[in-house]
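In what follows, chains are A, B, ... by sequence order, proteins preceding strands, each numbered from 1.
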2 protein chains.
Amino acid sequence: MDDDDWRAPAVPLAVDLVILTLRESRLHVLLVERGVDPYRGALALPGGFLSHLEEGLLDAARRELAEEADLAEVPYLEELGVYGDPGRDPRGRVVSVAFLAIAPRLPEPVAGTDAAAASWRPVEPLLSGEEELAFDHRRIVADGVEHARRKLEHSALATAFCDATFTIAELQQVYEAVWGIRLDPRNFYRKVQGARGFIVAAGPARRTDGGRPARLFRAGPLHSLYPPMVRSAHAVHEGAPIDE
Amino acid sequence: MDDDDWRAPAVPLAVDLVILTLRESRLHVLLVERGVDPYRGALALPGGFLSHLEEGLLDAARRELAEEADLAEVPYLEELGVYGDPGRDPRGRVVSVAFLAIAPRLPEPVAGTDAAAASWRPVEPLLSGEEELAFDHRRIVADGVEHARRKLEHSALATAFCDATFTIAELQQVYEAVWGIRLDPRNFYRKVQGARGFIVAAGPARRTDGGRPARLFRAGPLHSLYPPMVRSAHAVHEGAPIDE
DNA sequence: TCAATAGTGTCTGTTAGACATTATGCC
DNA sequence: GGCATAATGTCTAACAGACACTATTGA
């Protein structure tokens, strides 16, 4: 922002949503089938243009969340990044602000108003390029997943994948699914209990899942974890050691 | 991005730059004095509107970096976030994409083309609100500093504050200045050497600084650090334990 | 020689990671 | 009781943090 001429070029602004959830212990993202050109029939992230000139970006994200995904509320919604390469949209210059949302496991594939064409898709075929996505949405999904992976380490983001109350085993499944590794339940139990403020006991309630019933917890007050949940060294496998 | 009417509201797009450097062992940010309303005479981040409709965001950031800061090249430049609250600019809706840049210590306060009014300012009075900034630039600076703090832990970002070659003591000063804590030189030495790929020896060259000359290093190939440089527990002091 | 910083060594408490053991439900 | 999972305990190697010590220069 500076002393430039106020008559600056104006750009159509859109928001795109990377909505992640867990289904059958695998990470899924919500996609919609496009009904119009360009990329008619292709899979794309839910999203859309600002509805009017004064709409806030987060407001637009929440509106699309409700309209396209039929999700009135999600426990986590935050900006992911800006995608504004000239040429990313064949119609012309469009700058899109991507948001990352996390939703707990939902009753069934959404079937709402605009959300008829929406469906949950496992992320792996999308990341590998096995399945195609419209625009630059593959990169956005990849950035969203990577963002979630990193954030699981240092924040209580994992609880956003769970219901209001959950067992420690369920929380562990979140880490295993998002990180794509296996964790020792005993050590995980200790670790997660040691990060005070992460989860708090939710009364004496219990839940059975075949074996001994487990205690229920809910998300604690802290959003920043200390000590962090480290992706153990033996989990160094996927990415090359050189990134960025 | 979806099936909406293509005739979407278009918004003037700007880029703002948070350019950080170290001066006298303190973290500084580059600010310019505004020459026009609004906020005429106030301090603001360097930046400006897109020059034309097809200009890339990173391109715009680099252009402003050269024009307003006289910095042809910086070792680190990355998107920081989007600031698009309606009302953040009294002239009307403006969405700004903020970039974080890191520059090594520079010969002298920049004095270039547009950069006459630019000056390096210590960040603390800005973060505390003691010094005023135009628009929402205080928040952007705060986000940029926080981003840098976090990134020092897991990436080789610290080397971007240094010249091409540097001593381990100089690298330590970066951590101490950005984190605002003191570190033990002996343990820091071991730690930084243990993170292989972080820094590599730069020949047998040496440099004197009062005592025994130190070995010179340059940035290594890895951008992602393992093991990370942890802000030690005793350094938990500044922010409340609850964030986000 | 001393002053000052670079670089190495050592010790100790804590923790990650491996795995044994006990507890508590349901069939 | 038998089975499955929850929860706790134990051990060991590794590491963070503290600090003693040696090394190498200039004054």
Side-chain angles (χ1 to χ4, degrees), chain A residues 25 152-154 158 162 165-176 179-218 225-237, chain B residues 25 152-154 162 165-176 179-196 198-218 225-237:
Chain A
S25 299
L152 276 198
E153 294 193 64
H154 303 279
C162 301
T165 65
F166 49 85
T167 68
I168 290 186
E170 287 167 351
L171 192 64
Q172 181 181 340
Q173 284 175 24
V174 173
Y175 278 91
E176 292 185 331
W179 282 350
I181 60 176
R182 298 290 255 163
L183 299 170
D184 183 293
R186 286 101 37 134
N187 293 334
F188 183 84
Y189 199 98
R190 261 197 298 108
K191 192 69 203 288
V192 85
Q193 292 279 51
R196 284 208 293 254
F198 184 10
I199 59 173
V200 296
R206 283 149 193 275
R207 174 188 298 177
T208 174
D209 188 33
R212 166 181 176 175
R215 293 183 227 168
L216 289 176
F217 295 84
R218 65 180 74 256
L225 291 191
Y226 191 86
M229 307 288 297
V230 284
R231 269 185 281 192
S232 54
H234 78 260
V236 174
H237 57 309
Chain B
S25 299
L152 277 198
E153 295 193 62
H154 302 279
C162 301
T165 65
F166 50 85
T167 68
I168 290 185
E170 287 167 352
L171 191 64
Q172 181 181 339
Q173 284 175 25
V174 173
Y175 279 90
E176 292 185 329
W179 282 349
I181 61 176
R182 297 291 255 162
L183 299 170
D184 184 294
R186 287 94 49 129
N187 293 335
F188 182 84
Y189 199 98
R190 261 197 300 108
K191 192 66 204 287
V192 85
Q193 293 279 49
R196 284 209 291 256
F198 183 10
I199 59 171
V200 297
R206 283 148 193 277
R207 174 187 299 178
T208 173
D209 187 34
R212 166 181 177 177
R215 293 183 226 168
L216 288 176
F217 295 84
R218 64 179 74 254
L225 291 192
Y226 191 86
M229 307 290 294
V230 286
R231 270 185 280 193
S232 56
H234 77 259
V236 174
H237 57 309

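Residues forming a salt bridge (charged side-chain N to carboxylate O under 4.0 Å, His left out) with A:Arg218 (at least two apart in sequence, or on another chain): none. Listed by chain and number, the residues in a side-chain hydrogen bond (donor to acceptor under 3.5 Å, both in side chains) with A:Gln173 amount to none (sequence neighbours excluded). For A:Arg207, the salt bridge (charged side-chain N to carboxylate O under 4.0 Å, His left out) partners are A:Glu170, not counting sequence neighbours. Among residues two or more places apart in sequence or in another chain, the salt bridge (charged side-chain N to carboxylate O under 4.0 Å, His left out) test is passed with A:Arg212 by none.
Atom CZ in B:Arg186 sits about 8 Å away from atom P in D:dA20, given to the nearest Å. A straight line from CZ of B:Phe188 to C1' of D:dC15 spans 17 Å, rounded to a whole angstrom. Look at CD on A:Gln173: it is 14 Å from C1' on D:dA6, rounded to the nearest Å. What separates CD of A:Glu170 from C1' of D:dT5 is a distance of 13 Å, to the nearest Å. If you measure from atom OH of B:Tyr175 to atom P of D:dG17, you get 14 Å, rounded to the nearest angstrom. D:dA7 atom P lies 15 Å from atom CG of A:Asp184, rounded to whole Å. Whole-Å rounding puts the B:Arg207 CZ to C:dT5 P distance at 15 Å. Distance A:Gln172 CD to C:dG17 C1': 14 Å, rounded to the nearest Å.
A:Gln172 places a side-chain heavy atom less than 4.5 Å from the side chain of A:Pro185.
The base of C:dG17 sits with one of its N or O atoms less than 3.5 Å from a complementary donor or acceptor on the side chain of A:Arg190.
An OP1 or OP2 oxygen of C:dG7 is reached within less than 4.0 angstrom by a side-chain nitrogen or oxygen of B:Arg215. Side-chain nitrogen and oxygen atoms of B:Tyr189 include none within less than 4.0 Å of the OP1 or OP2 phosphate oxygen of C:dA6.
When each of A:Ala169 and B:Lys191 is assigned the nucleotide of DNA chain D bearing its nearest heavy atom, the one mapping closer to the 5' terminus is A:Ala169.
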Are any protein N/O atoms closer than 3.5 Å to N/O atoms in nucleotides 24-26 of chain D? If there are, list each pair with its distance.
from, atom 1, to, atom 2, distance (Å)
D:dT24, O4', B:Arg212, NE, 3.3

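The shortest non-hydrogen separation linking A:Ala158 to A:Tyr175 is CB-CE1, 3.5 Å.
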Report all side-chain donor-acceptor pairs from residues 187-195 of chain A shorter than 3.5 Å, counting only partners two or more places apart or in another chain.
from, atom 1, to, atom 2, distance (Å)
A:Asn187, OD1, A:Arg190, NH2, 2.8
A:Lys191, NZ, A:Pro228, O, 2.7

